[in-house]
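See structure below.
Everything numeric in this text was worked out from a predicted model, so none of it was measured.
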Amino acid sequence: MKALILVGGFGTRLRPLTLSFPKPLVDFANKPMILHQIEALKAIGVTEVVLAINYQPEVMLNFLKDFEAKLGIKITCSQETEPLGTAGPLALARDKLIDDSGEPFFVLNSDVISEYPLKEMIKFHKAHGGEASIMVTKVDEPSKYGVVVMEEASGQVEKFVEKPKLFVGNKINAGIYLLNPSVLDRIELRPTSIEKEVFPKIASEKKLYAMVLPGFWMDIGQPRDYISGLRLYLDSLKKKSSSKLASGTHIVGNVIVDDTAEIGEGCLIGPDVAIGPGCIVEAGVRLSRCTVMRGARIKKHACISSSIIGWHSTVGQWARVENMTILGEDVHVCDEVYSNGGVVLPHKEIKSSILKPEIVM
């Protein structure tokens, strides 16, 4: 089987992290976002993954070469010279996706994190015999999204309603598809939307089916959702393989700590914290609802909550970092400084407090 991951754009919503790495390579729960997807695809027998990309393909491919060997899966790029929307990239990668097997292929959006029930999706797809399957997820506020109206029993999709004012349903497109090769015949090589142009047409012919996603789902393309996604991911990890979570008297709730990280005496860590490879957390530090990325150092008695600390950054002694503060790569927050929602670009030193949310250039 094959799969296409829509990598797409510049990752502007996750700046300043995406100023250092393309968004799919930004760490989530101690490994690059895209790796969560590639591992899930590999686990159900996908042998080749095509990345549809229009930004820094060499960075992506160089980085993923190691994983190609480790995971034993072929990873190739299909590069757009202009942004082609969500369907155009499929037409562009047509030759890479079609083979003699006639097997369906997966399409995933790169910033979606979930439990990836891909095996169940294959079963569902084969059972209904339609042309395409999409994964949908239930949301509390459907008016913010495009809603998928479907027949509950069979999963057959009737129509799509964009940001409905009146309640028509609570299921939205979760960005995970399984498509027969024939879908590619419906897509022209031009900027085009799979959600607005291709799927409604297949639905009108009664050949599109939706499967409700079990477990959690999150689009982690922006900081607030990234932090919420981490909570959901760690929660799911606890149910499935709690041995991967850290334990000890200094841990509260769900926490993941890389084996190479060092944690000092008298710290209190959690809930919902990820500490990456090579990080140093000194004595008396308090961490909650945050990610500390590879090579960062948190000095004595610092306090961090609801924030993302970028690669190789430092947070000084007695510093306080909170309220969606995002430190880019190699940012140094001095001792006793307070950051309330500061978004700090890479390679900066912060000597005075950031009292209200602002971008520090």
Distance-only, no hydrogens or angles: does the [X] side chain make a donor-acceptor pair with backbone N or O of [Y] under 3.5 Å?
X	Y	answer
N109	D111	no
S339	T325	no
S110	L6	yes
S307	I304	no
K96	T76	no
S313	G328	yes
S20	P16	no

Cluster check [X], [Y]: I/L/V/M/F/W/Y, side chain < 4.5 angstrom:
X	Y	value
V112	I220	yes
V26	M218	yes
V315	I280	no

Within the 3.5 Å criterion, strictly below it, is a donor on [X] or [Y] matched to an acceptor on the partner's side chain?
X	Y	answer
D330	H347	yes
T314	R297	no
S306	E322	no
Q156	S154	no
S182	N180	no

Run the salt-bridge test on [X] and [Y] with the 4.0 Å N-O cut-off and return the result as yes or no.
X	Y	result
K2	E48	yes
E68	K65	yes
R186	E205	yes
K31	D258	no
K171	E152	yes
K348	E329	no

Are any non-hydrogen side-chain atoms of [X] and [Y] less than 4.5 angstrom apart?
X	Y	value
V212	T137	no
R320	S305	no
M1	T47	no
L232	L230	no
L90	L4	yes
M293	L17	yes
V257	I263	yes
V281	E262	no

side-chain contact (heavy atoms from CB on, under 4.5 Å) partner of V360, chosen from V343, I354, V331: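 Output: one option passes, namely I354.
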
Result of checking L234, D272, V273 against V255 for side-chain contact (heavy atoms from CB on, under 4.5 Å):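 Running side-chain contact (heavy atoms from CB on, under 4.5 Å) over L234, D272, V273 with V255 returns exactly one hit, V273.
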
Check the angle between the aromatic planes of [X] and [Y] and answer parallel, tilted or perpendicular using the 30° and 60° thresholds.
X	Y	answer
W311	F21	tilted
Y226	F28	perpendicular
F67	F63	tilted

Ring-ring centroid check F105 Y177, cutoff 6.0 Å: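 When the ring centroids of F105 and Y177 are compared, they turn out to be at least 6.0 Å apart.
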
Y233 and H36 aromatic centres sub-6.0 Å: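 Centroid distance Y233-H36: below 6.0 Å, so yes.
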
Cluster companions of L355 among Ile, Leu, Val, Met, Phe, Trp, Tyr (side-chain spacing under 4.5 Å):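 Direct or chained contacts put L355 with Y338.
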
Residues I275, T291; criterion side-chain contact (heavy atoms from CB on, under 4.5 Å); working and verdict: CA-CA 6 Å; I275 298 174; T291 285; over 6 Å; no

Heavy atoms of other groups near E151 CD, more than 12 under 6.0 Å: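 Yes, because the 6.0 Å sphere around CD of E151 holds more than 12 heavy atoms from other groups.
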
Closest heavy-atom pair and its distance - K299, V285: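 In terms of heavy atoms, the two residues are closest at O-CG2, 3.2 Å.
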
